[in-house]
Amino acid sequence: MSGSAHSTVLSGARVVLPTGTVAGGRVIVDGDRIAGSAREGAEIVDLTGHWIVPGFVDMHNHGGGGASFTSGTAEDVLRGVRTHREHGTTTLVASTVTGDLDELARRAGLLAELTQAGEIAGIHFEGPFINPCRKGAHKEDLLRDPDPAEVRKLIDAAHGAARMFTLATELPGGLDSVRLLAEHGVVAAIGHTDASYEQTRAAIDAGATVATHLFNAMPALAHREPGPIAALLEDERITVELINDGTHLHPAALELAFHHAGAHRVALITDAMDAAGFGDGTYHLGPLEVEVKGGVARLVEGGSIAGSTLTLDTAFKRSVTLDKLPVESVVQAISANPAKLIGLYDEIGSLEPGKYADLVVLDAAFDLKGVMRRGEWVVSPGP
């Protein structure tokens, strides 16, 4: 670190570390990194009565602030990214929705440039390789069976920025596509699927490692046909995405997933669309029109839930206060686990010396009070 780098000591807070919570702890920031010791003359910021947790990592997010990651300009994407940063998400993977393959490839090029610039952490392709009977908010006439050649086309178009593909792995070409993704170091996620228990296990054996928004857009758990949910919950190789907005999941379903998979296998996501951090109104998710009322997004035609308006600070508070989950478990699910899945845990996801100074300050009621990204305040905690 150069001699001109700014040094700050955040002191007095409850600091959540990988080893547990330290009361009256401190985090030392030197330039854009967390440091093990403070410089002489470092600025002291007293955060007594607050929590300091790692910056949130959202690996499934379609937009926010009135802007969509699936359409629009680079400036539109950045507006959405800034909105989520103001709510604590210091690392974000931009998710697409089903579209024409050539258009998705062009979109991947733009998102790859923003990845290279450090604004987003990569691309998640959700569709078009999903099951029409579990399509959710995806345009049915654009859906197609997984084809390893077409999957490879999108990987190549992403120029190293592809992080995850959501696939209905039971469809023709599904298992071969999973194997291709695993070979290229890209996460294969099982979602928008009508797979049986046995088909889901086959996909996991082929290399799938994530369940896209578990419980949503897949068959329900049944006692004679346990379907994908049982297979995804029981297998230690799978991390399950959960949308904790009070709409997508009943609290009992969330508790079931945390209890059965364990906090080390949960990733809290938003699945946010344009209206997140923006408000009710009419929007588009890819080619489909969406109406947001009371913070709930649904397709105008058919009424399917169309993503969420969730931000991760709300998911964090809800998980701790309403669902009564331990703070340390929520931190694991909202920061460490997704950072590991997208291959960035050596830089982000926990408050350890050498990692980026990405952190969130919460008050005693778990309301967001400050956000730091790369050592700079996005939201200042104030006096």
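- Checked against the 6.0 Å centroid threshold, H213 and H60 count as a close aromatic pair.
- The residues D245 and R318 are annotated as not salt-bridged, no charged nitrogen and carboxylate oxygen being separated by less than 4.0 angstrom.
- Looking at R79 and D274, no side-chain N of the basic residue comes within less than 4.0 Å of a carboxylate O on the acidic one, giving no salt bridge.
- For D156 and R152, the salt-bridge test passes: some basic side-chain N is under 4.0 Å from an acidic carboxylate O.
- Side-chain contact, H62 with D271: a donor N or O sits under 3.5 Å from an acceptor N or O.
- By the side chain to side chain contact (heavy atoms under 4.5 Å, CB included) test, E113 is found to be paired with no residue, residues two or more places apart in sequence or in another chain being considered.
- Ring-plane geometry between F56 and F316 is classed as parallel, the angle between the planes falling under 30 degrees on a 0 to 90 degree scale with a further cut at 60.
- Under the 4.5 Å side-chain contact rule for hydrophobic residues, L341 and L181 do not share a cluster.
- The pair D30-R33 does not meet the salt-bridge criterion, since no charged nitrogen lies less than 4.0 angstrom from a carboxylate oxygen.
- Taking all atoms of both residues into account, the shortest heavy-atom contact from G303 to R298 is O-NH1, 3.0 Å.
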Worksheet item: Going through the distances and angles, do R106 and E103 end up as a salt bridge (Lys or Arg N to Asp or Glu O under 4.0 Å)?
Response: CA-CA 5 Å; R106 286 191 291 273; E103 177 56 36; 3.0 Å; yes
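- In the hydrophobic clustering (ILVMFWY side chains linked at under 4.5 Å, chained through shared members), I28 is joined by V9, I44.
- Annotation: side chain to side chain donor-acceptor pair (under 3.5 Å) contacts of T270 (sequence neighbours excluded): D58, N61.
- A cation-pi arrangement is not found for K317 relative to F366, the charged atom failing to lie both closer than 6.0 Å to the ring centre and inside a 45° cone about the ring normal.
- The aromatic rings of F165 and F129 lie parallel to each other, their planes meeting at an angle below 30°, with 60° marking the opposite boundary.
- Between E119 and R82 no salt bridge is recorded (no basic side-chain N to carboxylate O distance below 4.0 Å).
- The one candidate from T193, I190, L175, T200 that meets the side-chain contact (heavy atoms from CB on, under 4.5 Å) condition with E170 is T193.
- No more than 12 heavy-atom neighbours from other residues, nucleotides or ligands sit within 6.0 angstrom of CD on E376.
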